[in-house]
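Note sheet for the following structure.
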Amino acid sequence: MNHRIHLTVNGEQYDIDVPSHYTLLRVLREQLVLTGVKNGCEAGECGACAVLMNGEPVNSCMVLAPEADGAVITTIEGLAHDQLLDPLQEAFIASGATQCGFCTPGILVNARALLDRNPDPSDAEIREALVGNLCRCTGYIRIIDAIKMAARQNREVVR
Amino acid sequence: LQPFDYIIPKNMEEASALLAAGNGSVRALQGGTDLIIRIRGGFIRPETVVDLKGLPGMREIRTSPDGWLMIGAACTMNQVGLHPTVCERYDVLAAGANSVASYQLRNRATVGGNLCNSSPAADTAPALLCLDAVVEVYGADGARRIPIAEFFTGPGRNAMQRGEFLTSIHLPPPAGPSHGVYNKLGRTKIGDISMVSVAVNCRAGATGPVWRIAIGAAGPTPLRAVEAEAALAQDPSPEGVARAADLTSAAARPIDDIRGSAAYRRAMVRVLARRGIESVLAALQAATPASPAGGLA
């Protein structure tokens, strides 16, 4: 069975036909070719496929495509604006928070959501927010440093 | 995923009829965080998935005129765990909901799905047992209510008949202050499935404090430790707390499995129960410093 769904992805409107059993992850990667969204565990554990759905982070492997009808989606590709990187992306580069990079898109998306709801998170709050994002390279220390750096810079800009 | 059809039913009657028609080939979908994993793993091969989230009231939390809190079955864990009324009056449920997996998973996982999946490790179940919740299901004969204590009938099994689905969870208004904690043991401090868990709640009742203790992941269903509750109401002294923890451990019916042995689970039930009771007592004392016995009488 196919469904015609309407999606807003990174500010662009799409009307696409999707089979019932496709996940949002598969639609983003294979139909919209947004391959920054990574396919990791496909079990809701690793967070590599995290995207913002109506402003809130979700694992796109755990959303059926027809469930996403009408949703506003932001992927890692939508985090930067034109040539301007998100402050989190700048901080990840400056802190060396990326090694192989597979987990990075999901972590950046989830960290963006964290800073949107809590502009000044503690270490514990950052760790808790990232419990569903597994990184096998970095040991997380520099990821946490980078998120704190981005939060600090954001507060300085606001001030 | 194996191909299946996805259907949004127009109303409750159609949802019930669709679910009744299939012989295991039609599955109800709430958040999907259990369902999609089971389909992907090949454990189930539904021909049709019926998305119940859009039905009336399924995503609402509201207080009814008689003071009960109605939580729609498709409310997400974050919706429940961060809701001001839940946090204030039913804190043990907020703790259970907030202990599930990760923030982004809690944006999809629903409290109704958690109950319908009927895992003994369901993190909202011990809290709802403590709160004497009543669940409402809808089927061919209309709506009916089931006390949560009668809902779970075995691992992965519950009291719903074919064609029935969960629509809402109802929490009775506390007569006075109510405080609870949910202690959960997994492989990691946060985010993991429960290897064993214990919820403890104390609320003011007509004739004195009402204690509730419930156990997760250490029995064929989530369990109440009724004898421990009675013992604690009689004697909240340190000796009484130790005895209630022993009785909670005795009420567990754990098995050996991949996550832990029965003996370990039983031992940890005792520890989590004692810690839970102690923190509830401490919170009650902080709230009412004049009453050293625990306060709510």
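Fair warning: this is a prediction, and the values are worked out from it, not measured in the lab. Order of the sequence lines fixes the chain letters, A, B, ..., with proteins taken first and strands second; residue numbering starts at 1 for each chain.
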With a cut-off of 6.0 Å (strictly less than), are more than 12 heavy atoms of other residues, nucleotides or ligands near [atom1] of [X]?
{"X": "B:Arg40", "atom1": "CZ", "answer": "yes"}
{"X": "A:Arg142", "atom1": "CZ", "answer": "no"}
{"X": "B:Arg45", "atom1": "CZ", "answer": "no"}
{"X": "B:Arg187", "atom1": "CZ", "answer": "no"}
{"X": "B:Arg62", "atom1": "CZ", "answer": "no"}

Of the backbone (N, CA, C, O) and the side chain (C-beta and beyond), which part of [X] lies under 4.5 Å from a heavy atom of chain B, both, or neither?
{"X": "A:Pro19", "answer": "neither"}
{"X": "A:Asn59", "answer": "both"}
{"X": "A:Glu42", "answer": "both"}

How long is the straight-line distance from [atom2] of [Y] back to [atom1] of [X], given to the nearest 0.5 Å?
{"X": "B:Ile8", "Y": "A:His3", "atom1": "CD1", "atom2": "NE2", "result": "8.0 Å"}
{"X": "A:Glu67", "Y": "B:Leu29", "atom1": "CD", "atom2": "CG", "result": "4.5 Å"}
{"X": "B:Ile37", "Y": "A:Cys61", "atom1": "CD1", "atom2": "SG", "result": "7.5 Å"}
{"X": "B:Leu35", "Y": "A:Leu64", "atom1": "CG", "atom2": "CG", "result": "8.0 Å"}

Heavy-atom contact with chain A under 4.5 Å, split by part of B:Asp5: both
Test item: side-chain donor near acceptor, B:Tyr103 and A:Glu56, under 3.5 Å: yes
Ring centers of A:His21, B:Tyr6 separated by less than 6.0 Å: no
Heavy-atom side-chain contact between B:Asn107 and A:Pro57 under 4.5 Å: yes
Top contributor to chain A contacts, counting heavy-atom pairs under 4.5 Å, from B:Ile7, B:Ile36, B:Thr188, B:Asp51: B:Ile36
Minimum heavy-atom distance between A:Met62 and B:Arg108, given as atom pair plus value: O-NE, 4.2 Å
B:Gln104 side chain vs A:Gly132 backbone, donor-acceptor pair below 3.5 Å: yes
B:Lys189 and A:Glu128 ion-paired at < 4.0 Å: no
Among A:Leu130, A:Asn133, A:Thr23, residue most engaged with chain B (heavy-atom pairs, under 4.5 Å): A:Asn133
